[in-house]
2 protein chains.
Amino acid sequence: MGGPRFEPVRAVRAYERVVEQVEEAIESGALTPGGRLPSERELMVQFSVSRSTVREALRVLQARGLVRSRPGDPNGAEVLPFTPAALHKSMTTLARVEELSLAELVQFRMVLDSAAILLAARLRTEEQLAEMYAAVAAMRAALDAGEAGDEGADSFGAADLAFHDAVARASGNKLIEICTDVVRSIVLKLIAGRITDEPDRGALMRRSIRNHEDVVAAMRAGDGPLAARLSRKAMYDYYAGYVPERERGALRALLE
Amino acid sequence: MGGPRFEPVRAVRAYERVVEQVEEAIESGALTPGGRLPSERELMVQFSVSRSTVREALRVLQARGLVRSRPGDPNGAEVLPFTPAALHKSMTTLARVEELSLAELVQFRMVLDSAAILLAARLRTEEQLAEMYAAVAAMRAALDAGEAGDEGADSFGAADLAFHDAVARASGNKLIEICTDVVRSIVLKLIAGRITDEPDRGALMRRSIRNHEDVVAAMRAGDGPLAARLSRKAMYDYYAGYVPERERGALRALLE
DNA sequence: CTAGTGCACTGGTCGGACCAGTAGGCTCTG
DNA sequence: CAGAGCCTACTGGTCCGACCAGTGCACTAG
C-alpha cells in the first residue's frame with residue numbers, strides 16, 4: 001500500500017499569507033475597484049504582523065497591479081480595476097530576457113488580429129463598423145497632413161491603434177483584445193526609431209491604408225475568412241521590412 | 001511657440017530605483033540566470049538605502065519572477081531563468097477579476113492552437129512528428145487503463161498536454177508556446193471537478209483521440225489549413241459541453 | 001459664509017534588534 | 001592522516017520604534 005504520501009511543506013512567509021488574504025478578498029468581490037484598504041497601521045493590527053510585513057505584502061500586490069498606495073492618503077491603499085499593466089510588464093520582460101524575436105511578436109499579432117477580424121466580421125454592430133471606417137479615414141487624414149510637414153506619424157499610429165482596437169472589441173473576446181494591445185505596444189517599442197527613418201514611409205502608409213480599406217470592406221460584406229487573410233497580408237506588408245530576411249519565411253507561412 | 005513642455009514629475013520611490021537598476025542589470029545580461037545578487041545587507045550599502053527599502057525592492061523583483069531568495073543562503077538572492085509564472089499569475093487574476101468567461105478562454109485556445117498547428121505543419125521535424133504520435137498513443141493507453149479502473153484521467157491529460165506542447169514547440173514561436181500553456185492550465189482549473197463527473201467521459205476521450213489522429217495525419221501530409229481546422233473542431237468537441245449553450249455560437253464561429 | 005490655517009493621520013524611509021536556518025571551516029576522534 | 005561532527009559567521013524573515021514630507025478635514029478667523 002505504501003505509507004502516507006507526505007508533501008514537502010514549503011515555508012510560507014508571513015507577507016505571503018497577507019497577500020493571499022487580500023487577493024482573495026479582491027477576487028471574491030469583498031473588495032471592489034475604487035474601494036480602499038485599511039491603513040498600513042490598521043492592517044498590522046488586523047493581521048497581527050509588523051508594518052514591514054504589511055508593506056512587503058502591499059509591494060507584491062502593487063506589483064501585480066491590484067492596489068496602489070499614495071503617500072498621505074488618509075484612506076489607505078486603493079483597490080484598482082484590472083489593468084493589463086502587469087500582463088504587459090511580464091510580457092515585456094519575456095520579450096527582453098527570453099529573446100523573443102520581432103518575427104515571433106509580429107507573427108503572434110498576425111494570428112490574434114486575424115482571429116479578431118474573423119470573429120468581428122460576424123459579431124460586429126453597425127456602430128463598430130462605422131468606428132472602423134472612421135479610423136481608416138483618420139489614417140488617410142494623417143497621411144495628408146504628414147505629406148506637408150512631418151507630424152503625421154503620431155496621428156497615423158493613433159488612428160491605426162483605434163482601428164485595431166475597434167476590431168478587437170468587436171470580436172467579443174476580452175482576452176484577445178488585451179493581448180493584441182499588449183503585443184502591439186511591445187512591437188512598436190521594438191521598432192521605435194526605425195519607423196520614422198523609413199525612406200518610403202509615405203508609400204508604406206498609403207499601402208497600409210488601402211489594405212485596411214480592403215479588410216473593412218470584406219468585413220462589411222461578411223466574408224470573415226477573406227478579411228482575416230487580408231489583414232494578415234496587411235500586417236506582413238507593414239512589418240516585414242523590419243524583420244530580418246531569414247525570419248520572414250515564418251511570417252509568410254501565415255499568408256497561405 | 002508656447003512655453004517649455006514640462007512633464008509631471010512622478011515621485012519615484014527609493015525601492016523603485018533599486019528595482020530598476022537590478023532589472024536593467026538582468027536584462028542587459030550583467031546578471032545571468034543562476035547568478036547571485038549580493039546579500040541584502042550588502043545591497044543596502046551599495047544603494048545607500050535601508051534594508052527595508054532593499055527588501056521591498058526584492059519583493060517586487062520576486063513577484064515579477066526575476067529573483068528568488070532563500071533564508072539562510074549565504075550567497076544572496078538567486079537570479080532566475082525566465083518562467084511564465086508571472087505571466088500565468090497575471091492572466092489568472094485577469095480571468096478571475098475581469099470575469100473572463102470559459103468560452104473566451106477556450107476560444108483563445110482554439111485560435112492559438114490552430115495557429116501553432118498551421119505553423120507546425122510546415123516547420124515540424126520528423127522527430128517532433130514522432131513525439132506527437134507517441135503522445136496520441138499514450139492517450140490511447142490511458143483510455144484503455146481507464147476503462148478498467150478509474151485512474152486514466154491524469155495520464156490522459158498528461159498525454160494530451162504532451163501532444164499540444166510538442167505542437168507548440170514545433171511551431172517555432174515561443175510566445176505561442178507559452179501562451180497556450182498558460183491558458184490551457186487556466187481552462188483546466190476552471191473545469192476541474194466537472195471533468196471527472198462527465199458521464200460520457202469514455203466516449204469523449206475516444207472521440208478526442210480520433211480527432212488528434214486526424215490532426216496529426218493532416219500534419220504529416222503537410223496540409224496545414226486542414227490540420228488547423230480539424231484541431232479547432234477537436235477542441236470544440238472536447239470543451240463545448242462545459243460552455244453554456246448561448247456562448248457556444250462564438251466558438252462555432254471559428255469552425256468555418 | 002468663505003478663506004485660510006492647523007492638526008491628525010497617511011505612506012516612505014531609516015536604523016537597530018532578534019530569530020531560525022544554512023554552509024563551510026574547524027576541531028576532535030578514529 | 002582521513003573522516004565525522006560541532007561551531008561560528010553569515011543569511012533572510014520578522015519585529016519594533018522613530019522621523020519626515022505629504023494629504024484631508026475640521027476648525028477658526030475674517
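In this text the structure is predicted, and so the values were computed from the model without any measurement. Here is the naming used below: chain letters follow the sequence lines, and residue numbers restart at 1 for every chain.
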Inset, instruction - Using the closest heavy atom to pick a nucleotide of DNA chain D for each, name whichever of B/S69 or A/G72 lands nearer the 5' end. - result: B/S69
Legend entry - Polar contact flag, side-chain donor to acceptor under 3.5 angstrom, B/E56-B/T53: no
Inset, instruction - Would you mind reading off the distance between B/N75 atom CG and D/dA9 atom C1', rounded to a whole angstrom? - result: 14 Å
Inset, instruction - Using whole Å, report how far CD of A/E40 lies from C1' of D/dC15. - result: 15 Å
Legend entry - Pairing residues for B/T32 by the side chain to side chain contact (heavy atoms under 4.5 Å, CB included) criterion, not counting sequence neighbours: none
Inset, instruction - Using a heavy-atom cut-off of under 4.0 Å over every strand shown, decide if A/R70 touches base, sugar-phosphate, or nothing. - result: sugar-phosphate
Inset, instruction - Classify the nucleic acid contact of B/R59 as base, sugar-phosphate or nothing, counting any heavy atom under 4.0 Å across all strands shown. - result: sugar-phosphate
Legend entry - Flag side-chain contact, heavy atom, 4.5 Å: B/L58 against B/Y15: no
Legend entry - Sidechain-backbone polar pair: B/T92 side chain, B/H88 backbone, donor-acceptor under 3.5 Å: yes
Inset, instruction - Rounded to the nearest 0.5 Å, what's the gap from CG on B/L31 to CD1 on B/I26? Could you check? - result: 6.0 Å
Inset, instruction - Return yes if some donor-acceptor pair links the side-chain N/O of A/N75 with the main-chain N/O of A/R36 below 3.5 Å, else return no. - result: no
Legend entry - Salt-bridge criterion met for B/R68 and B/D73 (N-O under 4.0 Å): no
Legend entry - Residues which pass ring pair (Phe, Tyr, Trp, His ring centres under 6.0 Å) with B/F47, listed by chain and number, not counting sequence neighbours: none
Inset, instruction - Taking only Lys NZ, Arg NE, NH1 and NH2, and the carboxylate oxygens of Asp or Glu, determine whether A/E40 and A/R55 approach each other closer than 4.0 Å. - result: yes
Inset, instruction - Using five pairs at either end of the helix from C/dC1-D/dG30 to C/dG30-D/dC1, determine the angle between the two local helix axes and round it to 10 degrees. - result: 20°
Inset, instruction - Under 4.0 Å from any heavy atom of chain A: name the first and the last nucleotide of DNA chain C that qualifies, 5' to 3'. - result: C/dT10 to C/dT13
Legend entry - B/E78 CD to D/dT11 C1', straight-line distance once rounded to whole Å: 15 Å
Inset, instruction - Not counting sequence neighbours, list each pair that qualifies as a side chain to side chain donor-acceptor pair (under 3.5 Å) and has a residue in residues 108-117 of chain B. - result: B/R109-B/Y239, B/D113-B/H164, B/S114-B/R232
Inset, instruction - Name the residue closer to the 5' end of DNA chain C, choosing between B/P74 and A/P38 according to the nucleotide with the nearest heavy atom. - result: A/P38
Legend entry - Contact residues, residues 43-54 of chain B to DNA chain D [heavy atom, < 4.0 Å]: B/R51
Legend entry - Separation of atom CZ in A/R55 from atom P in D/dC15, rounded to whole Å: 15 Å
Inset, instruction - Can you establish whether the number of heavy atoms outside B/E42 located under 6.0 Å from its atom CD is more than 12? - result: yes
